[in-house]
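Working notes for the structure below.
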Amino acid sequence: STLHCPHQMFRMGRKVFGLQFHVEVEEREVMTWLDVDAAFVHAAHGPGGRARIAADTRRFITRARQQGDRLIANIVEAIAAT
């Protein structure tokens with residue numbers, strides 16, 4: 001969840017899942033987003049925002065991808081089980 005979007009994932013019934021985030025993202029995509037949306041990143045996170053997000057991405061991307069892969073596998077398993 002975030003301050004502005006407390007419900008980042010939801011499920012309706014047995015087979016409909018909604019995700020408001022990118023579990024599939026790779027480091028290079030984050031870096032591209034930082035460049036393409038530089039004005040937004042600066043406005044939302046201040047002058048040091050890009051550097052902080054880039055450093056956090058390098059630090060956490062491996063674990064985030066592992067968790068994302070597990071989440072998707074669990075969703076697929078839940079759908080297949082119904």
Side-chain angles (χ1 to χ4, degrees):
S1 67
T2 67
L3 179 63
H4 299 292
C5 190
H7 304 288
Q8 295 272 330
M9 182 176 167
F10 57 90
R11 181 177 184 178
M12 294 175 56
R14 299 176 79 75
K15 294 190 177 194
V16 177
F17 290 80
L19 288 81
Q20 297 282 66
F21 51 94
H22 291 278
V23 297
E24 80 289 355
V25 72
E26 299 281 353
E27 180 179 351
R28 70 182 178 279
E29 293 166 316
V30 174
M31 298 309 160
T32 297
W33 293 344
L34 291 173
D35 293 336
V36 171
D37 291 333
F40 172 80
V41 171
H42 185 271
H45 301 282
R50 187 197 187 289
R52 188 179 74 254
I53 292 169
D56 285 348
T57 298
R58 286 187 292 276
R59 181 175 174 200
F60 296 116
I61 195 68
T62 299
R63 182 73 174 132
R65 283 305 315 266
Q66 291 169 345
Q67 291 174 336
D69 291 347
R70 182 176 178 189
L71 174 63
I72 295 300
N74 287 344
I75 291 171
V76 169
E77 183 178 321
I79 291 170
T82 58

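Small disclaimer: the values here were computed from a predicted structure and weren't measured.
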- Message: Hydrophobic clustering (ILVMFWY, side-chain heavy atoms < 4.5 Å, transitive) - are Val41 and Val30 grouped together?
- Response: yes
- Query: Hey, what's the ring geometry for Trp33 with His22, parallel, tilted or perpendicular (30° and 60° as the breaks)?
  - Reply: tilted
- Are more than 12 heavy atoms from other residues, nucleotides or ligands located less than 6.0 Å from atom CD of Gln66? yes
- Could you tell me which residues satisfy ring pair (Phe, Tyr, Trp, His ring centres under 6.0 Å) with His42, sequence neighbours excluded, listed by chain and number? none
- What's the spacing between Ile79 CD1 and Arg14 CZ if we round to 0.5 Å? 11.5 Å
- side chain to side chain contact (heavy atoms under 4.5 Å, CB included) between Met9 and Ile75, intermediate numbers included: CA-CA 11 Å; Met9 182 176 167; Ile75 291 171; 3.7 Å; yes
- Task: Quick one: pull up CZ in Arg58 and CD1 in Ile53 and give me the separation to the nearest 0.5 Å.
- Result: 11.5 Å
- Could you tell me whether the side chain of Arg70 and the main chain of Ile72 form a donor-acceptor pair under 3.5 Å? no
- Is it true that Phe17 and Val76 fall in one hydrophobic cluster, defined by side-chain heavy atoms closer than 4.5 Å? yes
- Item | Pair listing, salt bridge (charged side-chain N to carboxylate O under 4.0 Å, His left out) test, anchored in residues 25-42, at least two apart | Glu26-Arg65, Asp35-Arg50
- Message: Please determine whether the number of non-hydrogen atoms from other residues, nucleotides or ligands lying under 6.0 Å from atom CZ of Phe60 exceeds 12.
- Response: yes
- Query: Which other residues end up in the same hydrophobic cluster as Phe10, if Ile, Leu, Val, Met, Phe, Trp and Tyr are linked when side-chain heavy atoms come under 4.5 Å apart?
  - Reply: Met12, Val16
- Item | Between CG on residue Leu71 and CG on residue Leu19, distance to nearest 0.5 Å | 6.0 Å
- Closest approach of Gln8 and Ser1, non-hydrogen atoms and distance? CG-CA, 3.5 Å
